[in-house]
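Letters A, B, ... are given to chains in the order of the sequence lines, protein chains preceding strands, and every chain is numbered from 1.
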Amino acid sequence: MIEIRNVTRSYGAFKALDEANLSINEGEFFSLLGPSGCGKTTLLRMIAGFDNPTTGSIAVDDQPMAGIPANRRPTNMVFQSYAIFPHLNVEQNVGYGLKRLKLEAGEERRRVEEALAQVSLTGLGKRGATELSGGQRQRVALARALVMRPKVLLLDEPLSALDKKLREQMQVELRRLQQAVGITFVLVTHDQYEALAMSDRIAVMFGGRIAQVASPKEIYQRPVNRQVADFLGGMNFVRGEIIEENGASLTLDTLGFGRVSTEKPTAFVRNGGAATLGIRPERLRVLWDDETSQFQVTGTVVERHYFGEITHLVVEIPGLEKPLSVTETNDFGADDIPVGSAVRLAYDPEALVAMAD
Amino acid sequence: MIEIRNVTRSYGAFKALDEANLSINEGEFFSLLGPSGCGKTTLLRMIAGFDNPTTGSIAVDDQPMAGIPANRRPTNMVFQSYAIFPHLNVEQNVGYGLKRLKLEAGEERRRVEEALAQVSLTGLGKRGATELSGGQRQRVALARALVMRPKVLLLDEPLSALDKKLREQMQVELRRLQQAVGITFVLVTHDQYEALAMSDRIAVMFGGRIAQVASPKEIYQRPVNRQVADFLGGMNFVRGEIIEENGASLTLDTLGFGRVSTEKPTAFVRNGGAATLGIRPERLRVLWDDETSQFQVTGTVVERHYFGEITHLVVEIPGLEKPLSVTETNDFGADDIPVGSAVRLAYDPEALVAMAD
Amino acid sequence: ADPKDLIVLDWSGYEDPLLHPAYTAKYGGEPSFSFFGDEDEAFEKVRAGFKADVGHPCSQSVVKWRDAGIIQPLDTSRIAGWADLNPDIMKMKDLATTADGKAWFMPFDWGNTSLLYRTDHVTTDEAKSLKIFADPKFEGRVTIGDNVDDAYALASLVIGLKDWTKMTDDQFRQASDFLRQVHKNVRFYWTDDTDLNQAVSSGEVDLVWGWNETFVTLKGQGVPIAMNRDTDEGLSTWVCGYVLLKDAPHPDQAYDFFSAVNAPEVSSYMVTTFGYGHGNAAGMTATDHTLLSERGFDNLDKFLDKTLFQQPVPPELKQRMVEEFEKIKAGY
Amino acid sequence: MSGLKRLVPGGWLSVYAVLYVAFLYVPVLFLPVFSVNTAATPKFPLSGFTWKWYEGLPHTPELLNAAWNSLVVGLSASVLSTVFGILAARAITRYRFPGRRPINGLIMAPLVLPEIIVAISMLLVILQLGLSLSLFTVVLGHVLVCIPYSMTVLTSGFEGFDRSLEEASADLGESAFGTFRRVTLPMVTPAIISSLLVSFTISLDEFIIAFFLTGTEATLPIYIWGQLRFAAKLPGVLALGTLLLVASFVLLSIAEVLRRRAARRTQSEGGLYA
Amino acid sequence: MTAAAEGSAPLAASRPGRKPLLQSESAQGLALITPTFLYALVLLVLPILVVIAHSFWTQHYLTIDRTFTLENYRIALTEPIYRDLLWRSLYISLVTSVATVVLAYPNAYYISFHGGHRKGLWLFLITIPFWTSYLLRVMSWKVILGYNGVLNSGLMGLGIIDEPITALLYNSNSVIITLVHAWAAFAILPIFVSLEKVDRTLIEAAKDLGDGPLRSFLRVTLPLSAPGVISALLIVMIPTVGDYVTPKLVGGKDGVMIANAIQAQFGKASNWPLGAALSVTTMIVVTAMAGAAVLIIRRAARLAR
Ligand SMILES: Nc1ncnc2c1ncn2[C@@H]1O[C@H](COP(=O)(O)OP(=O)(O)OP(=O)(O)O)[C@@H](O)[C@H]1O
Ligand SMILES: Nc1ncnc2c1ncn2[C@@H]1O[C@H](COP(=O)(O)OP(=O)(O)OP(=O)(O)O)[C@@H](O)[C@H]1O
Ligand SMILES: [Mg+2]
Ligand SMILES: [Mg+2]
């Protein structure tokens, strides 16, 4: 559906995008995930046709896009800065693209109403563009693109100004829409949960380069390197010495976790005799007094952070350079474990993954 | 420090803010939390002096603010729309407010550099304002306010365009700064995690009204009504019949959870013989085969959603109108529980709270 | 023929139907007028190819128009009352007729340039000589026309020259020197009658080298003003008239127009409404004498010996005058 | 100050604005006074009251025609030059292309070329093109001299235009022209109004080009300047000027009343141009 | 004269290097400017050629001698009269344009910031006086500034002066006053247009950072409205250098400007070549002055930071 081949975009000497390669399939929900300034918007703008690659090519539906202006591309975009037309009211903004299609008056109204309902803005149709709150603007921008039912919908952080509840509702709505109409979605987001929850596949970018393209689970569980691992949520890193390496498996000796056997990543690059192992904080669980586990480490709680649903503990383990982060749901009072107390942490050895630095 | 008394702001017949009352203490980290369009920005702008209450009064440091222009208020603001000066570069934007203070040249440079470092923008000082990504702009806006070290810092969704990692880093930085310098922070956010993690106290707003003002834990654990409860994260609601009501305690009969005794909320309003009980999804835990609990319910998994660190399960309980949501960290394979399987859920009776509808 | 076919390139104001009643009567309508405000601009417009039948230049431009080949000789036999044209004006060299006997120009309106002064600030004694214009006493109280012809007419009179076509280099220098003296006193150089009218009546200046029309209008408004045509040095007479443009598309109508404007009946209307003299001497004579004296046209003959007729000067001399006057005006 | 501020928006600034506008009207407000004075030229003290200059107006059809011609020329020229100005200003501010500066220079040239040269040369060109002189050719000429003014005003309007709005429009499938019409134009309305006003004003007073390019139809300045030979005719012009002034105000008041009505109906706040 | 589009440097950095797309971008720009350009080209090439060619020729009475010569430029540049007239014109136009812009700015600001929904009304109100003939306005000015004029009478009536001030009319001052008045609308409009576009949040941000009304104005509003100020300055400065009507009407003998000399050469003096050389010289000087003014404003705007 969308083929991005060796696309580079330079601003002077600075490369906002560096040799990017991607193929996005028809009907796929694809996300671009990466830290601020990594080139997400830049890439999206080139797909939409507002900017041109310095080198490289972009094709949509097997058709090279070079030279095709934005209005003749089968894409619609939700702008990060919203780009609401200030001289039009909400309804007119949303109906903007429909006007050109010369629908029956009733039909146009109906579709505008529907789009406004989808973004929970029913009743605000007559509001002026300058009389909206930040989140309302963003939703108008979203409705304006949704109403067009394009082949490819490009969304540049379309939900960043919305509260969690509304965002979740919109996420569901977007997924529903995508599956119902079969639109290809390219979502730019800085919210890893959003990307993980919604996407079929995710591309993780850093500093203009694409680091990994994979399914949410794959990316979360088997990040190719520390950077990706780190970006997708906390990760505890453990250095290990490679003891044995055969076929698909790898055995290492670690200080904190002892001897560990793990699956060898496809693109594993040996870096001397040592390797990095990662384990997510939520894959560690505090054992209660009466519980035991075959795989466990013991340490001392040094910090505790309360986050409503969950609590983060920082646990110092003798032998490990850095203390481990542990996430616990607050089901049985993890938020009451006193700082300074000793805890035992259980883990699943499968959760320990080897990766590049 | 900041006293908001009966403040209403009307746009024609529409009340963006309706009889708001708040006191914010000196050195406090105070958050305004609420859905899009509930009046957060409106309130903040009135504190900063860009807008005036239709009725009511605002005082800062015991001084009534009516008639005092923004530039003579001891507040600084980070705008939701950033408001970066387009004719100035990053450095000049950040140094804007300092210029007036006539610091030594070196001192000014140093403070600008420091602020840029605080928002991880070191090295981008010479970039033009139009050459920044969305997140970078937001950080410039933040640095520009931080560098002024005001008595009161007003932040209108200052981190909404940042990825989780950077956001967490900035959250830590902001807290650190706030504690070090003793600034009063008023943070507008739509992100309940952010509010819970950072604030000393939170005001939750809906449709122009303040619903509850309390500490994060209080607000999370003892929401005054269903709306607040719901907004702060999923909540399972269970209807119960009041059996006994004495002093500080309440005993109810529920269908799913049987007879429950719970603390009576301070402002509990009896609504006939029935009441609503709530329990957060994370306070329910799936019991493994070998585990047992004194308090447990049994049901069937009907949905499963994967979110990286955590998995959400939707569990149907015989007798309950709505199925229960359950959040599990993915420590021991909650993400592998098949849909359709029977599970037992353990809960802590203390986690069941009574509330207004 | 359609009366509108005839195109008259004229100053605005001259489209007045009462200035050519015979034409209107004959054709049952008015000719088309194309207006101008400055002869040189009109000249350039015609030269650039603008097609009209009749033009209305003044004496000083006629030579230029003729030399540029934009006008054609007149068949005087087709103009009624040609013989009645003011003989003194007709006498001017190279104006109405050239040495070869061809007629090019039909005088239509004329007037005097003479000394006007405000009686409340200038005594009759002082106003006896044109030299008063250079009198330091009147610094900043003088205006003369922003018009080479009027200016050099004044200077020529002062240096005692009546036929300026014969101006020698030396006389030219003297004349220019006098104008430089005058420049020191000049408040502004007037460009049109309206301008002048306003300035004198509002007390901006006391001494004017100006037209009788101004005098009449101002006098009529009760401004304390006098006109001395009998100065020691004399006065000047200018004249404007109609020409037939080269390749005029409608010569027949043009001749009828010439005849119409030259009709003796026009004289009195011209004198009354416009304050100018009419080219038709017969018509002028027939005009009510009180009106003529009121308008200052009663005794032209009396000053005949004292008048400098602004007859065309040789182009080279004209060129020098123009250049010199530009410098003088700028203070050099 | 604060008392004043409560009274009028803008405080001292509004006082200044009113004074400044008064300054603009000072010379103009004398016209009605002189138009009913018996004296032929404007001056004090007044010599007597009369309506005769107004009564004389119907008898000077040339003057009325000239005024009408000026109006027609002014309206056409301002619209055309604004259209041309919009195209050029847009191209200059939005695109980078070879020859941008020289082309811009050429378009702006009438500002510095002597008017008489422009006028004579245009006459030659127009006659070469086989056009006959009429009000239309005057319009052609005025458009040429008005374009630089329109462009100057319009460039400051197009400057710094938020591109993402146009991008959004293109993204919604609108063609370049459609985007221009539906997004760009409405947003630069103040500039367009200003450009119309500026070029109308320029055209209304332009004399030389009108003189050279007109046939037998005079515009007001041509008529007035030609008539200065007769001080006695001026009051008619004063009377007409006064009438036009009054007409402008009447029209403006009607427009304002209509706008208020419309505003009341739609409850929206928009300018005359919104 | 290229300056009206100054300050409009399109996002240069945002365009990739030499690419076919660049061509399509330039093609769009060219296509857009073509109608206007062609229009100007057809009607203006001749005048420009006429001026330039004549400046190198000589005229004898009615005939043009087409031998190349620089004599006209020698005269234009060395004759004190032309040099002085040029200086005076530049001085007058500079004073006029600066005064006009300075006086107009607050008004434009007022309309834009406090005009509410009456902005359109204000704009019309401001241009209406200029729809009466310039000539009539000038006459009014003479009534006001004249020897026994309104101003003098008023001042004498108040006992401030004993005899009429003659310095009010028929000199450079009156030219400047008349011009400042005549060009007011032309200055207000572009400034208003650019003020309209200033994002009000930015001013709030400046206030928030501690700037009082004046400082936030100087540091944010003014620099952001610089394009309008530049336009206004140019739109007044350039034409006033070439104005000859005003000096002719109210300039008296001391307010004569270069354009009067040029006009005279094309008119009664019939010396087109000299007139042309004077024109070309003036054009170059005006362009240089306009360019310098633009640079200074830009520099000033930068300093305000
Ligand atoms: N100028 C205005 N005219 C009319 N209504 C307005 C105006 N400005 C804001 N509103 C309305 O007031 C309400 C509150 O707006 P506000 O900007 O305070 O919301 P918010 O809580 O900041 O929302 P968000 O999280 O989306 O930014 C919204 O419903 C908005 O539509
Ligand atoms: N016009 C420009 N000139 C120079 N650099 C630019 C320009 N536009 C963007 N950049 C830089 O290119 C990089 C990528 O920008 P982009 O907008 O694609 O980031 P992003 O991934 O969308 O970030 P965010 O999440 O903050 O929006 C950034 O470092 C930005 O500063
Ligand atoms: Mg971005
Ligand atoms: Mg907001």
Side-chain angles (χ1 to χ4, degrees), chain A residues 11 33-42 80-81 131-136 138-139 156-157 160-167 189-193 196-197 216-217 220 230-234 280-285 305-310 327-333 335 346-348 351, chain B residues 11 33-42 80-81 131-136 138-139 156-157 160-167 189-193 196-197 216-217 220 230-234 280-285 305-310 327-333 335 346-348 351:
Chain A
Y11 293 107
L33 185 64
S36 169
C38 71
K40 306 180 294 291
T41 300
T42 305
Q80 188 171 16
S81 60
E131 302 172 354
L132 298 174
S133 78
Q136 287 165 343
Q138 193 167 50
R139 284 179 278 161
D156 197 351
E157 314 209 350
S160 66
L162 306 183
D163 56 280
K164 192 182 169 203
K165 249 189 104 66
L166 190 55
R167 191 158 70 230
T189 179
H190 57 250
D191 180 342
Q192 36 283 74
Y193 290 109
L196 291 172
K217 215 164 177 172
Y220 188 78
D230 226 20
F231 188 77
L232 279 145
R280 298 249 173 235
E282 70 273 13
R283 305 298 296 252
L284 293 166
R285 186 159 75 87
H305 301 279
Y306 177 71
F307 288 96
E309 274 188 331
I310 50 179
T327 308
E328 278 288 319
T329 44
N330 294 331
D331 35 15
F332 280 89
D335 49 331
Y347 65 93
D348 181 347
Chain B
Y11 294 107
L33 185 65
S36 169
C38 71
K40 306 181 294 291
T41 300
T42 304
Q80 189 171 15
S81 61
E131 301 172 356
L132 297 173
S133 77
Q136 288 164 344
Q138 195 167 48
R139 283 179 279 160
D156 197 350
E157 314 212 348
S160 66
L162 306 183
D163 56 279
K164 191 182 171 207
K165 246 188 107 65
L166 191 55
R167 191 158 70 229
T189 180
H190 56 250
D191 180 342
Q192 37 283 75
Y193 290 110
L196 292 172
K217 217 163 176 171
Y220 188 76
D230 225 21
F231 188 75
L232 279 146
R280 297 252 173 231
E282 70 274 12
R283 303 298 295 253
L284 293 165
R285 186 158 75 86
H305 301 282
Y306 177 70
F307 289 96
E309 273 185 332
I310 51 179
T327 307
E328 277 290 318
T329 44
N330 294 331
D331 35 17
F332 279 89
D335 48 331
Y347 66 92
D348 180 346

Tell me, for B/A351 versus chain A, whether the close heavy atoms (under 4.5 Å) come from the side chain, the backbone, both or neither.
neither
With a 4.5 angstrom heavy-atom cut-off, is it the side chain or the backbone of B/S133 that approaches chain A, or both, or neither?
side chain
Just give me the residue among B/R280, B/Q138, B/Q192 that pairs up with chain A most often, heavy atom to heavy atom, under 4.5 Å.
B/Q192
Carefully, step by step, assess B/R283 and B/D348 under the rule side-chain contact (heavy atoms from CB on, under 4.5 Å).
CA-CA 7 Å; B/R283 303 298 295 253; B/D348 180 346; 4.0 Å; yes
If you define the side chain from C-beta out and look only at heavy atoms, does anything of A/K40 sit under 4.5 Å from A/E157?
yes
Output the option from B/T189, B/D191, B/D156, B/L162 having the highest count of non-hydrogen pairs under 4.5 Å with chain A.
B/L162
Please state whether the side chain, the backbone, both or neither of B/T327 comes within less than 4.5 Å of a heavy atom of chain A.
both
A/P35 and B/D163, any side-chain heavy atoms less than 4.5 Å apart:
yes
Proximal component of A/Q136, with respect to chain B [non-hydrogen, under 4.5 Å]
both
Need one label for B/Q80: side chain, backbone, both or neither, based on atoms under 4.5 Å from any heavy atom in chain A.
side chain
Among A/Y220, A/Y193, A/F231, who wins on heavy-atom pairs under 4.5 Å with chain B?
A/Y220
Measure the spacing between NE2 of B/H190 and NZ of A/K164 and express it to the nearest 0.5 Å.
12.0 Å
Engaged part of A/T41 at the chain B interface, taking heavy atoms whose separation is under 4.5 Å
neither
Report the distance from atom CG of A/L232 to atom CG of A/L33, rounding to the nearest 0.5 Å.
5.5 Å
Tell me whether B/D230 is salt-bridged to A/K165, with the criterion being a basic N under 4.0 Å from an acidic carboxylate O.
yes
Do A/L132 and A/R139 make a side-chain contact, defined as non-hydrogen atoms from C-beta onward lying under 4.5 Å apart?
no
Who wins among B/S81, B/G234, B/G37, B/G39 for the most heavy-atom pairs under 4.5 Å with chain A?
B/G37
With only heavy atoms counted, which part of B/K217 is less than 4.5 Å from chain A, the side chain, the backbone, both or neither?
both
Count the heavy-atom pairs under 4.5 Å between each of A/G134, A/G135, A/S36 and chain B, then report the option with the highest count.
A/S36
